[in-house]
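Presented below is the structure to which this report refers.
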Amino acid sequence: MPGLGTSFGRGGATTAQQDLANSDAILIMGSSMAENHPVGFQWVMAARERGATVIHVDPRFNRTSAMADLWVPLRAGSDIVFLGGLVRYAIEHGKVFRDYVVPYTNAAVLLKDELRDPEDLDGLFSGWDASELKYDPESWLYRGAAKKSAGGDVAGHEAEQGGHAKERGGHRDEGDQAQPEQPQERDDTLGHPRCVYQVTRRHFARYTSEMVERACGVPAAQFVRVAEAFCSASGPERTGAICYAVGWTQHSVGVQIIRTAAILQLLLGNVGRPGGGILALRGHASIQGSTDIPTLFDILPGYLSMPLFEKESDSLASYVRKYQTETGWWHNYDKYIVSLLKAWYGEEATAENEFGFGWLPRVDGDHSHQGYWLDMAAGKLEGLFVIGQNPAVGAPNGRLERKALAQLKWLVVRDLVEVETASFWYDSPEVERGELRPDEIATEVFLMPAAGHAEKDGTFTNTQRLLQWHEKAVDPPGDCRSETWFAYHLGRRLQERVRASKRRRDQPLQAMTWDYPVEGADREPVVEAVAREIHGRKPSDGELVSGFTELAADGSTACGCWIYSGLYAGGINRPRQRAARGAYAHGWGWAWPSDRRILYNRCSARPDGAPWSERKKLVWWDDAAGEWTGLDVVDFAKTKRPDYKPKPDAKGDDAIAGDQPFIMHPDGLGWIWVASGLKDGPLPTHYEPLESPVSNPLYGLQTNPAAQPKERPDNAYAPTGDPRYPHVLTTYRLTEHHTAGGMSRTLPHLAELQPELFAEISPELAAEAGIANGDWVTIATPRAMVEARALVTARMKPLVIDGRLVHQVGLPYHWGPRGIARGDVANDLVAISEEPNVRIMEAKALVCSLAPGRRPRGAGVLRQLEEIAAMRPRDETPLARQIAGEDSPPA
Amino acid sequence: MWDLIREWPLLRQLRDGGDGTGPEAMSARTRELQTKTAGAPVARSVCPYCAVGCGQLVHHRDGKLLAIEGDPESPISRGRLCPKGAASHQLLTHAGRLTKVKYRAPFATRWQEIPLEEAMDRIADRVWESRERTFEEERDGRVLMQCKGIAHLGGATLDNEENYLLKKLFTAGLGMTRLSNQARI
Amino acid sequence: MPRRPRDPRLPDAASEGRLDELRERAASAGVVDAPGVRPAGAPMPLANGVAGTAGDGNGASAASGYYGRPLLKEPTWTWEVPLYFFVGGAAGAAAVVGATARAMASDETDLVRDARWVAALGGALSAPLLISDLGRPERFLNMLRVWKPQSPMSVGAWTLTAFGSSAGAAAFADLVGRRAADGDSRLAVPVRVVGDAAGMLAAATGLVMTTYTGVLVGATTIPAWNRSVSVLPIHFAASGLGAAVSLLELLGHDHPALNRLGIAAALAEIGTGVVHELDGDPAHAPLKEGSSGALVRAGGVLSGPVPLLLRLFGARKAAAVAAIAGSLLTRYGWVAAGRISARDPSLPLGLQEPGHHSEGIETP
Amino acid sequence: MATTAFLTDSTLCIGCKACEVACKEWNEVPEDGLLFTGHSYDNTGALGASTWRHVKFVEQTPAIGCGGNDPALLSWQFSSDVCKHCENAGCLEACPTGAIVRTEFGGVFIQPDVCNGCGYCVVGCPFGVVDRREGDGRVFKCTFCYDRQLAGLQPACAKACPTQSILFGEIDEMRQRAEERLAELHARGMADAVLWDARDTSVGGTHAMFLLRGDPRAYNLPSAPEVPTVYQRDGWRAAAIAAGGLLLAAFGAFVAGGHD
C-alpha cells in the first residue's frame, strides 16, 4: 500500500479493527465493510451505538449504508474529487489540527520554486517527460535537497520498479535521486507560499462542494453535511477513522485516492491516535502477509527491493547504497538484506561472495500478474504455478487471461476444488465459443488437492498486521497437502539434481538452505521450524535473535523477514498466544512491528510527551521512568526523550528528533507532500477513469498520464462519452460469497444464499431500458458481454454528472462456469490496465451498455462484440443510428 | 417387547399424568440428548476467508472434523462469524472437495487420476526442463541469473510460512522473478 | 497527452433538450427521479416490460406483507386424506344406521348385516389410507404413543382404532351368528350379545368418526377452514350419512328409513351450503372461486338439491349415486380450498388490502 | 430451570445471514434450493423444513444523505426470523404422536426419532414455520438448539451473529432488555421502532421477540396470530350437535316404521 507507505512510512493499516470503537466519526469509502468484513464491522456498530457518526460514501446503497448515519452516493471513479473536497473543507473551514500538523507533518517544509502544479499545467506536475511518458520528480523535492548526481544512467522511474517497494516510503529508489533529509527549510507559520501547506491548499482550491456536485453527483449540501460530520472528529478530544478496501485501490489512480485520505487524516491529526487512523480492509486471510513475505515480483521479505537489472545491482554495496537512507529507520537496510541472504543461503553466504547477493535474480521488466500474463499470451512463458487463486474468474479480461493459459507448456493448479483456472481447457467460455478446442491445447495440467486451514499449522497475517497461528486439527484427506509440503518436496527433488553441478546457475539452488525437519506419515515439514527461520537466529550457535534491532550486516545474523523478527522472541510462538490483555489485546497473537497495535502512536502524545487529552491517551512519556509508556507498545525509541534533538551528523534513528513520530521516514514526519516515491505526482490529482462517460471537469488532462491501459485489440477501451457504453459499471463482492467463488460457490450453504449473477440497476434505468425486476439483462463492454438477472432497486440512484444524467450498474463478480451456483464471469468485462505505482487493474469504474434479454450463445457473443466494435457513430445503418441515440426506441 | 411397552409414553402419562407434550412424551434419545461435539478435542484456528482474522474453534474426533465455531476469546471476533466463516466446516468436508491429483496430458480431452508422488516427480521434471531452457545468467555482461520461463500466481490465501518457502524456492533457488498474488496494493 | 482524445461530438447532441430539464431538476433535487436520457448503445433490441423493483409496491410493506409471500404453509395432505374423510365418514354413519336398525327394526337382519359390513370395511380401509399419507408410514403405531384430547388428530387416531375393531367385531359376530343359527345353536345367544355390544360401541365411535374430521380441518390456521369450524362437523356428518344410506340403498336395501335419512342428509347439506353461499367472508373465496370452488359447489349440489329432488320423485338409486359422488367431491373440494387459502397472507396477516393473492409465488 | 428466549433486534442486523448458515452447519440442515427471487437480497424466501433461520430484507426507497440508521427514514431493514416457540404452540398441541414436546427451556422441540410425518402440525402453526421435508417425510423446524442449551451453550445462530442482533438469554431479561432498547430507540427519534411480542394473543407469548422498524406486517409478522386450538370449542360443540342430530334422525327414521 504505497499510498500509506509513502505518507506514513509503512504499507500497512495504521490501526486495529477494535480501535474503531474509540472513534467519534468513521468514514467508510471504497469499501462495503458490513458486507465484506461483517465481523470486523461489529466495532463500527459499537462506535455507532456509542454515538459516533458512521458515514458511508458509495455508488450503491448497500448493507453498509443501511447501518450508516449518513450515506451519499458518488460516481464510481470520482473519489479524489470527493476526498480532495474534504481536504479543502478542512483547510478552508479551520478544521486543521495545527498543533499536530506543524510538528508531526511536512506541512511547514518549503518546496522548490521551479515546482509547477496541475493548476499551472492543466493536469500535469512539472517534470513530465512526454517522450518517456513518466515524471522526473526533481522539481518535487524539498527546497535545498541535494541535486541529482550526474551519471545516473537509470532514469528516475524504472519501468521495472513495482510499487510494493514504495510501501517502505521515503527510501532511495530513484536511482541516485537525493531524498528529503533533515535539515529542511521550514515555515512553522505555514504562511510561506511555497510551504507544503500552502501548495496543497492551492492544489485543492478548485475541489469545492460545487465541483464535488459536478464531478461526483453528490448534491453540494449533502457533501457539506458529510464534510462537517467527519472534519469535526479532530483535535485533542476527538478522532475519526477511515476504512477503505479495493473500492479505492482498483482504479487507475488507486494509490492517489488513498494518499488523499492520508493527507486528510494528517491535517485532522487523526494518525497514530486512538479511534483514528486508516484501516485498509484486506480481502484474503493473509493478503497482508503475502506482501510482508511477498509472493510478488518486485520485493523481498520485509519490503526490501528485488535487485533490478541495472548497474546499482552490480554489487551488494551499490544496491544497499541505493536503498539505504542516511536518516530514519531505513538506515538499517544493509542489516536486513544481509540477514535475509544468510537465512536463504546459510553457510554459502559469506562476506567474500557478498552473501550470495549475486545469486538473486534481477528484475528486468514488468513481472507483475498482468505484465507477465501478456507475455504468456504471446507464448513467452512455459510453465505456471497457480496456488490458491483463480484468475480465470478473478482476474480482469478473463477471456484474454484464459486464452493465455492455452499458450503454456505446463500448468500446476493447487486448490481445494477444481477451479475454473484448472478446467479452462474443456469448460471455459472460450471452449463454448469455439475459440479454444481441447484437442488443440498442448498445455499439460496438474490439478493438485490442497490442505485446508484446519488441516495444517501456520500463521495468517490479518488486516491489522496481526499474525495468528492456526493449529492443525486433522490430517488432510486423500492426497491433499499443505503448500509447505509442496514447496519443500519440490525443492528437495530439484536440489537433488544440482548436488554435483558446477554451473553458475545451479549455485543458488545448491546453496539454498532446505534442511527442514519433517513429521508424520506425509513427511510434512515442521512449520515452527520455518517460523523460527523467519524470526531470525545467529548462525554461529543457532540461538534465536531477540528481534530486528539485533540484526547485523556482517553475516552474524540470519532472518527470513526482518519486520516479522520478534514473532518467536524468547523462543515463544507469539502468534499462537491466546491470552489477550489490556485495551489493545496484547498477548493475543503478535502484530508486526514489535507487537505495536497502533502505528505511529507517538502521535497520540503532544510534542512534549503528554497525552493530547485524557479521553484520547494511548502512549506517553514517563519522565520518572525515563521511557515511553501507555496502552500500546510505543512506535518509537522507547527511551528517546520528547525533547531529544539529534546532532547534525546523526544517522539513522538517532537523526530523528524526540517529537518526530514517523520514524520510517528520513525526516521523521508524516508526508502530506510525497516528494519522491510515487510515479503520478506528489499530491493526488483527479483524473477520470480510463473509461468514463464524461470529460475531466477539472483539467484538460483526461486520465492518469502515468497509468498503462495496455490497450490492444483484445483489451480495447471505449472512448470518453462513447454512446455505445453510456453507463458507469462497478464491480463488488457480496457477504455470501468469497472472491472468485472457489471457496463459496461450491458450498451448498453459501451457494443457495446468492445463487445467480445479478446486476443492480435503478428503477429509472430499468424503466428506460424496459427491464423488470428479475429479468435477464445483458451487459457489454468493449471486452466482453455477460448476462445477469436484473435486481431493480431504488438503492441505485442515477446521478447528475456535469449536467447529464449518469446511470450506474452494480455487478458482483463471484460467479463462473463451475460450482453449485453458476453464472457469467463479471471480470471478463474489465480491462487489463496498470495503475502506475502498483500495477492494479481498474475494476471499480468502467463503462458498459445494458439491454434486456440474454446474451447470444456460443460464438454469437463474439460476432455481437465485433458488430458493436465496428459501429462508428456516423455510420448510417439503423442499428448504428439507434446506438448513436438518434432513433427513438421501439415502443 | 416388554421394554417396548415399558417405554410406552401412554403408560407414563397414566402413571405420572401429563398431556403428552412434556417429558412423558420424550424418547430415550431425547432424554439422553448431547451435542455432537461433547468431549471432543478442540483446535484453535483462524478463519480462512477474509482478513478480519476471526478466531475459530475446530472440534474434531478420530481425525474427523465435527464442527467449526467462533472462538469467544478472540479480541477481534469475540466468538462471532460471518456466513462464510460459519460455513468453513462445510468448506473442508463438502462433497465437491478435491482429494486426488488430476492430470491432463497435452491435447487430452479428459482428466486422469495419477498418484501424488508421480505428479511431484513430473512437476519437478517440467520445472527443470523449463528452467534449463529459459535460464539466463548474464546479459550484456551484467548479472541477470533469471529463470524467464516460469511464473507463479497466488499467496493471499496461504500461510506466511507457505509463502516464505515458495518465495525462497522460486526466487532464491530457481531464479524466478515472475511472482504475483492477489495483493495488488 | 490524454490516452484517448475526447470525442468532439459529445455529449450526445440528440439529448441536449432533455438534459436541460434534467439540469433544472438536478439543481433543485440533486437527484433526478424521472427517466433521464435514453441509454443509447444497447446492441440488443429492447423488450417491452414494466419495471418493478426489489423495494416497490410488490415489495415488502404493510399493504402487501413480505413481498406477498404466503405466511402459512399449505397442508401436506395427499389424495388419501380426503378419500379417508369420505370412507371414514360413511363407515361411521353406517355403524349408526346399523345399530339403530338392530335396535328398532330387528327383523331387518340383512340391513343390519350390510350396515355392519359397510362400517367394518370402511374402518378397515381407513387405516391404510391414513398410513400411506404419512411421511414415515412405518411409524404409524406412534399414533398411539400418547393420548392427546387437545389434538383432533390424536382423538381421531384412537377413535378410528376403537371404531375399526368394534365395527369389525360386530360384522364378524354377525357372520358367526348366522353360521351358528343353522348349526350349533348354543353359540347363537352369546354371539348375538357380543355382536350387539360391539355394534353399539361401533355406533358410538361412529358418531365421532363422522364428525371429528370437521373439527380436525376446522381447528387449523387455514382461514378458509377455521372460519367454518362450527359448520364443518355438521356438513361432514350430513355428507357421511348421505353416503352411508346411499351405499346401503345401492346394495339393494329399500327400507323407507334409508330414504328418510337420505332426505334428511340432503336437507342438512342444503342448509350448510346456503350458509356458505350467503356469508361474504373473504376467507371463503377459495370455496367459491377457482377450481377448488367448483369442486366444493359441485359437491354441494350433488349432496343436497339433486338427491333431494330425485328422492322426492322416487329415483332413490340415482339419488344415492349423486349423494356418494357429492360426498366425495365435497371432501376433495375442501382440502383443495385449504391449499389455496394458505397461499393468501392477507387474512392471517391482517393486511390493508385483503384478498391480495400470491398464487404466482411458489416458495422454493 | 429458567426458560430462555431470542430477542432479535433488526436495528443491529447487517443482513449477513451468518445465523442462517451457522444454524444449518450445526444442525446439518440440507440446502434449500437455488432460487433467485429478486426480492432484495433474500433468496431464502421463508422458514421451512430446511430453513430454520431466515433473514428478511425489507427494502424501501433510500434518500441521498440518509443512512439506514437515520431515524427519520426507513430505507433497508434486515430481520432474522425464526420459530417463535409459542407459549401456546399450535404444532405442539396438534401433534398426535407426542413427537413434539416442550423442553425445560420453554422451547418447542420436534423429536426426529418419533415424528411420523402426519403433517397436522403444519396446518397448526400460525407462522408457517414447520413443514414436511421432501424426500425425508418428517417435519422439521428450529430446535431452539435443545442439545446446545442442555450443554449450557447458546443456540448456534445467536452465537454467530456478528453484531449481536440476535440476543439469547433468560426470557424475562430479554423482555426487559427489549423494553429498554425500545425506549432508547424512541429517544433517538426512531418513532417507528416497535417490539413484536405476541403476549396478548391466543399464542400467549413467544420465546422469540423482534425489535423492528415500521409495520411488522411488512416482515410477515402477524399482529394478531391465533393458535388454532381456539377453534376447537366451536368445533366440538358443532360435532356434538351433528352427532346428536344424526342419532335423532336415525331413530326418527326407523321409528316412523318400515314398509307400508
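Numbered from 1 within each chain, the chains take letters A, B, ... in sequence-line order. What you are looking at is a predicted structure, and each value in this text was computed from that prediction instead of being measured.
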Subject >> Y41(D) six-ring face occupied by R795(A) cation (under 6.0 Å, within 45°) >> reply: yes
**OP:** Return the minimal non-hydrogen interatomic distance between P62(D) and W71(A), and the atom names on each side.
**Re:** CB-CZ3, 4.4 Å
Original post:
Would you say the side chains of T44(D) and E752(A) form a donor-acceptor pair under 3.5 Å?
Top reply: no
Subject >> Contact residues of residues 7-29 of chain D (partner chain A; heavy-atom separation under 4.5 angstrom) >> reply: T11(D), L12(D), C13(D), I14(D), G15(D), C16(D), K17(D), E20(D), V21(D), K24(D), E25(D), V29(D)
**OP:** Could you tell me whether the side chain of N43(D) reaches within less than 4.5 Å of the side chain of L753(A), counting heavy atoms only?
**Re:** no
Original post:
Within a strict 4.5 Å, meaning less than it, do heavy atoms of the T793(A) and S40(D) side chains meet?
Top reply: no
Subject >> pair C66(D)-L70(A): side-chain heavy atoms closer than 4.5 Å >> reply: no
Original post:
Any residues in residues 74-82 of chain D near chain A, with a heavy-atom distance under 4.5 Å, and which are they?
Top reply: S75(D), W76(D), F78(D)
Original post:
Tell me, side chain or backbone of H749(A) under 4.5 Å from chain D's heavy atoms, or both, or neither?
Top reply: both
**OP:** Could you check which of S65(A), P748(A), A66(A) has the highest count of heavy-atom pairs closer than 4.5 Å to chain D?
**Re:** A66(A)
Subject >> Option in R225(A), Q754(A), E35(A) with maximal non-hydrogen atom pairs under 4.5 Å from chain D >> reply: Q754(A)
Original post:
So which part of M67(A) gets closer than 4.5 Å to some heavy atom of chain D, the side chain, the backbone, both or neither?
Top reply: both
**OP:** Against chain D, label Q42(A) side chain, backbone, both or neither, depending on which of its atoms sit under 4.5 Å from a heavy atom there.
**Re:** both
Subject >> Among the listed options V54(A), D69(A), L750(A), V39(A), the residue most often paired with chain D at heavy-atom distances under 4.5 Å >> reply: D69(A)
**OP:** Look up atom CZ in R789(A) and atom OG1 in T37(D), then write down how far apart they are to the nearest 0.5 Å.
**Re:** 9.0 Å
Original post:
Could you name the residues of residues 156-163 of chain D that have a heavy atom within less than 4.5 Å of a heavy atom in chain A?
Top reply: P162(D), T163(D)
Subject >> Exercise: identify the closest heavy-atom pair between N773(A) and G38(D) >> reply: ND2-O, 2.7 Å
Original post:
Using non-hydrogen atoms and a limit below 4.5 Å, what part of residues 177-184 of chain D faces chain A?
Top reply: R181(D), E184(D)
Original post:
Who among P38(A), A790(A), A34(A) has the most heavy-atom pairs with chain D under 4.5 Å?
Top reply: P38(A)
**OP:** Carefully, step by step, assess F61(A) and E59(D) under the rule side chain to side chain contact (heavy atoms under 4.5 Å, CB included).
**Re:** CA-CA 11 Å; F61(A) 186 104; E59(D) 196 169 319; over 6 Å; no
Original post:
Going by heavy atoms in the side chains, are K797(A) and T61(D) under 4.5 Å from each other?
Top reply: yes
Subject >> Heavy-atom contact with chain D under 4.5 Å, split by part of E49(A) >> reply: both
